[in-house]
Amino acid sequence: MNHALILSAAAALGLSACGQSETAPPAETAPAAEMPMASDMSGMPMAGGQAAMTGAGTGTITAVDASAGTVTIDHGAIPGVGWPAMAMTFTAPAAVLADARVGDRVAFDVSVHDGVNEVTALRAQ
């Protein structure tokens, strides 16, 4: 019963949003240069339950956390996994992080599997 009530309330809210006036002014958006970049997409569903996707990209390392096993890269588009340019945090094995330094311009390989975005190789550019 509670489940049906919750679903009914959600449907009513969704339908009420559909009735908005079409004469409302369009929402203003900030130019891309002013928009904040994402730094952690770990909560975003990516290839969960599917075969691993792989791709290659280039970018600049903005953070390295060897104790957490992560590297943040401000990267260009990565067509192999369908990502636009952004900054994001990846997991990475210790061997990959060993020579990673903030400010390094790198080419990298990424694997996306079971919701985990992992840098599998870094190469200085």
Side-chain angles (χ1 to χ4, degrees):
M1 175 84 173
N2 286 339
H3 186 68
L5 182 61
I6 292 169
L7 288 175
S8 296
L13 287 173
L15 290 174
S16 69
C18 293
Q20 293 180 357
S21 169
E22 291 185 31
T23 60
E28 292 184 31
T29 57
E34 294 177 14
M35 295 180 75
M37 299 184 95
S39 62
D40 182 3
M41 294 181 55
S42 61
M44 188 173 173
M46 296 183 190
Q50 300 174 356
M53 294 187 301
T54 59
T58 59
T60 302
I61 296 175
T62 60
V64 177
D65 187 340
S67 63
T70 62
V71 60
T72 304
I73 303 174
D74 185 356
H75 63 79
I78 305 176
V81 292
W83 292 341
M86 68 182 97
M88 65 184 290
T89 301
F90 300 90
T91 62
V96 171
L97 296 176
D99 295 322
R101 302 288 179 264
V102 172
D104 285 354
R105 179 101 176 115
V106 295
F108 63 98
D109 298 330
V110 65
S111 173
V112 180
H113 54 89
D114 299 324
V116 175
N117 311 313
E118 181 180 24
V119 169
T120 57
L122 281 173
R123 297 169 298 284
Q125 284 195 313

Step by step, would you call Gln125 with Asp104 a side-chain contact (heavy atoms from CB on, under 4.5 Å)? CA-CA 8 Å; Gln125 284 195 313; Asp104 285 354; over 6 Å; no
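- For the residue pair Arg101 and Ala98, the shortest heavy atom distance occurs at NH1-O, 3.3 Å.
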| message | Test side chain to side chain donor-acceptor pair (under 3.5 Å) on Thr89 and Thr72; report intermediate values, then the result. | response | CA-CA 4 Å; Thr89 301; Thr72 304; 2.9 Å; yes
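- Residues Asp65 and Leu97 come closest through the heavy atom pair O-CD1, 4.3 Å.
- Using cut-offs of 30° and 60° for the angle between ring planes, the His75 and Phe90 rings count as tilted.
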Determine, stepwise, if the pair His113 / Met53 fulfils side-chain contact (heavy atoms from CB on, under 4.5 Å).
-> CA-CA 7 Å; His113 54 89; Met53 294 187 301; over 6 Å; no
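- Residue Ala100 comes nearest to Leu122 through the heavy atom pair CB-CD1, 3.8 Å, listed as atom of the first residue, atom of the second, then distance.
- The two residues Val71 and Ala92 come nearest to each other via the heavy atoms CG1-CB, 4.2 Å.
- Here the rule is side chain to side chain contact (heavy atoms under 4.5 Å, CB included) with Val96, and of Val119, Thr120, Thr91 only Val119 fits it.
- Nearest heavy atom pair, residue Val106 against residue Ile61, reads CG1-CD1, 3.9 Å.
- The minimum heavy-atom distance linking Arg123 with Ala121 is given by the pair NH1-CB, 3.7 Å.
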Practice prompt. Decide yes or no on side-chain contact (heavy atoms from CB on, under 4.5 Å) for Met88 and Asn117, but give the supporting numbers first.
Written response: CA-CA 9 Å; Met88 65 184 290; Asn117 311 313; 3.6 Å; yes
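- Two residues are said to be in side-chain contact when any heavy atoms from C-beta on lie closer than 4.5 Å; Thr58 and Ile73 fail this criterion.
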